[in-house]
2 protein chains.
Amino acid sequence: MVEVFMTETPAAPAMLDRGRGIALWHQIASAIERDIIRGHWTPGARLPTEATFTERFGVNRHTVRRAMESLEQRGMIRVEQGRGSFVAEDVLEYPLGSRTRFSENILRQKKEPQGRILGITTIAAEGAIAAALGLRRGRPVLRVERLGMANGTPIVIGTHHFPLPRFEAMPASLAQNASITVALAACGVRDYQRVRTRITARMPTADEATLLHQARIRPLILAEAINADAEGRPVDFTLSCYASGRVQIVVEGE
Amino acid sequence: MVEVFMTETPAAPAMLDRGRGIALWHQIASAIERDIIRGHWTPGARLPTEATFTERFGVNRHTVRRAMESLEQRGMIRVEQGRGSFVAEDVLEYPLGSRTRFSENILRQKKEPQGRILGITTIAAEGAIAAALGLRRGRPVLRVERLGMANGTPIVIGTHHFPLPRFEAMPASLAQNASITVALAACGVRDYQRVRTRITARMPTADEATLLHQARIRPLILAEAINADAEGRPVDFTLSCYASGRVQIVVEGE
DNA sequence: CCTGAGGAGACGTCTAGACAACTAGATACG
DNA sequence: CGTATCTAGTTGTCTAGACGTCTCCTCAGG
């Protein structure tokens, strides 16, 4: 996770009004909230430590902890033992339906979708991949690893599998536009639909945690999905890893 | 409010497992929760004091306070400075619509409606009463004060005003059945509808607080309503006081 | 170069005391 | 009999210290 330390000083100790009927912890919470709303710290940014706030506000550490607790209770910040406190980030709602499209999902929530191709390799389809795509084991498939982002914030790592040679033109398209939908169109698949999605969760690898800008202790949401073309032929078998702290899967009735 | 002190002892200090990785405050909160769920304390009952729990569990008062705070956060209990902690009570949803009927509202939420007539007097209609009922000032009206309950718990004090002599048979009916709807039917009004409802809030008098089993610091929700018969003639002008901690008015579009 | 251990930083828990603020009940006075 | 005051009970706030637990980074050894 990208952690930002702002240099501007937030609310000064002078702001605290002892004996005015408003608890110190409440004043401190309000001051921190004001700075968050004012943009001193952006979503995801790490807040100063308890010790720092203790010094700044000139109060006991437990008083600061009481203030932080109230902010966390309101969903404004996130406190993690051993790591620090962070400004809460918006949780993205990610609907999974028959016509799931990454860019559309992101645009619908007024965010800018971006994609970055992490790697393209050709592998032999085995096990679940072959089964899902209806291929004989050993047949070649194009494996595309893609990082999906919303407003520059990593959201999902998608590992796609496309049968070859049908989709051999994919790499050329992806080189110009990191959109799976556009690349599929370039290969003659102008429309496709979700056949099935399976959702589970697991802990991320170090690389996945780094790519998704999340703590290694934060689980991933995994979605295993099959997409088919208009004729019902499987075109894509995808394994997606979502940053669980930042994405919430919404499964609607189909 | 009726406050009940159970004689049975809840979770004993022996239940606490120090050094087992589960925080003491969490164990205490779970023990209290278990006793609430088990029925040791009924909704509305006052819980033992912080000092009592401190003794029972053999821990510091702040540890107990941390446990109580977590229970309050989950809506399981209600903590009031200077008074004590109470088991939270279900909040009754009370819809106000064109066909508001006390008994139907209560039954719809699977509770047993009860009524108790507090008093019946004849007064001269003045001010708002005369205006609302379309009467000349000074005309006699029957004033009926009624306590509405759900499962024996007081919900509302309703002060009804019925024009005389049209409703002179009301007392006889109410003597047998404390139902306003039944009494109106006995006087020939088989159906009626809400004309208008005005909602506001105020602090209760000592008597009202006692009747509604609530603290004097807890405000009342007031509803001022006019009901009319099928011909549109006003039949009832009602002032209702609802226990705000136990009732939530739901106003639907008409 | 990779892995493990150690140390430093940061939050979590528990104890303890003191005083503030609120509430309820009892008592006294008009 | 009603009102005001006082006292005791109960929760709220703030301070303070000590130690536990988690995380991350650095360094040393294989």
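Just the heavy atoms: all of them, side chains too, but no hydrogens, waters or symmetry mates, feed the values below. In the text below, chain A, chain B and the rest are named by the order of the sequence lines, each starting its count at 1.
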For the pair A:Arg78 and A:Glu80, find out whether any cationic side-chain nitrogen is under 4.0 Å from an anionic carboxylate oxygen. yes
Inter-residue atom distance A:Ile77.CD1 - A:Leu71.CG, 0.5 Å rounding: 5.0 Å
Pairs: protein N or O with nucleotides 13-15 of chain C N or O, under 3.5 Å:
from   : atom 1 : to      : atom 2 : distance (Å)
C:dT13 : OP1    : B:Trp25 : NE1    : 3.2
C:dC14 : OP1    : B:Leu24 : N      : 2.3
C:dC14 : OP2    : B:Leu24 : N      : 3.4
C:dC14 : OP2    : B:Trp25 : N      : 3.2
C:dT15 : OP1    : B:Arg18 : NH1    : 3.3
C:dT15 : OP1    : B:Arg18 : NH2    : 2.7
C:dT15 : OP2    : B:Asn60 : N      : 2.8
C:dT15 : OP2    : B:Thr63 : OG1    : 2.6

What's the CD-P distance between A:Glu80 and D:dC22, to the nearest Å? 14 Å
Nucleotides 4-8 of chain C: which of its N/O atoms have a protein N/O under 3.5 Å away?
none

Whole angstrom is fine here: how far is it from CZ in A:Arg78 over to C1' in D:dT23? 14 Å
Rounded to the nearest angstrom, tell me the gap between atom CG in A:Asp17 and atom P in D:dT13. 16 Å
Name the atoms and distances for all side-chain donor-acceptor pairs under 3.5 Å in residues 141-150 of chain A, with sequence neighbours left out.
from     : atom 1 : to       : atom 2 : distance (Å)
A:Arg146 : NE     : A:Ala178 : O      : 2.7
A:Arg146 : NH2    : A:Ala178 : O      : 3.2

Please determine if B:Arg65 and B:Glu72 form a salt bridge, counting it only when a charged side-chain N lies under 4.0 Å from a carboxylate O. no
Take the protein atom CG of A:Leu71 and the nucleotide atom C1' of C:dC11, then report the distance between them rounded to whole Å. 15 Å
On the side chain of B:Gln81, is there an atom forming a donor-acceptor pair with the base of D:dT10 - under 3.5 Å, no angle test? no
Within this structure, what is the CD-CD1 distance for the pair A:Glu224 and A:Ile129, rounded to the nearest 0.5 Å? 9.5 Å
Is there a donor and acceptor pair, one atom on the side chain of A:Glu50 and one on the base of C:dA10, closer than 3.5 Å? no
Rounded to the nearest angstrom, tell me the gap between atom CG in B:Leu47 and atom P in D:dT10. 13 Å
Looking at A:Arg116, I want to see if its CZ is surrounded by more than 12 non-hydrogen atoms of other residues, nucleotides or ligands under 6.0 Å. no
Out of curiosity, B:Ile155 CD1 to B:Ser240 OG, how far, rounded to the nearest 0.5 Å? 12.5 Å
Rounded to the nearest 0.5 Å, what separation is found between the CG atom of B:Asn60 and the OG1 atom of B:Thr54? 7.0 Å
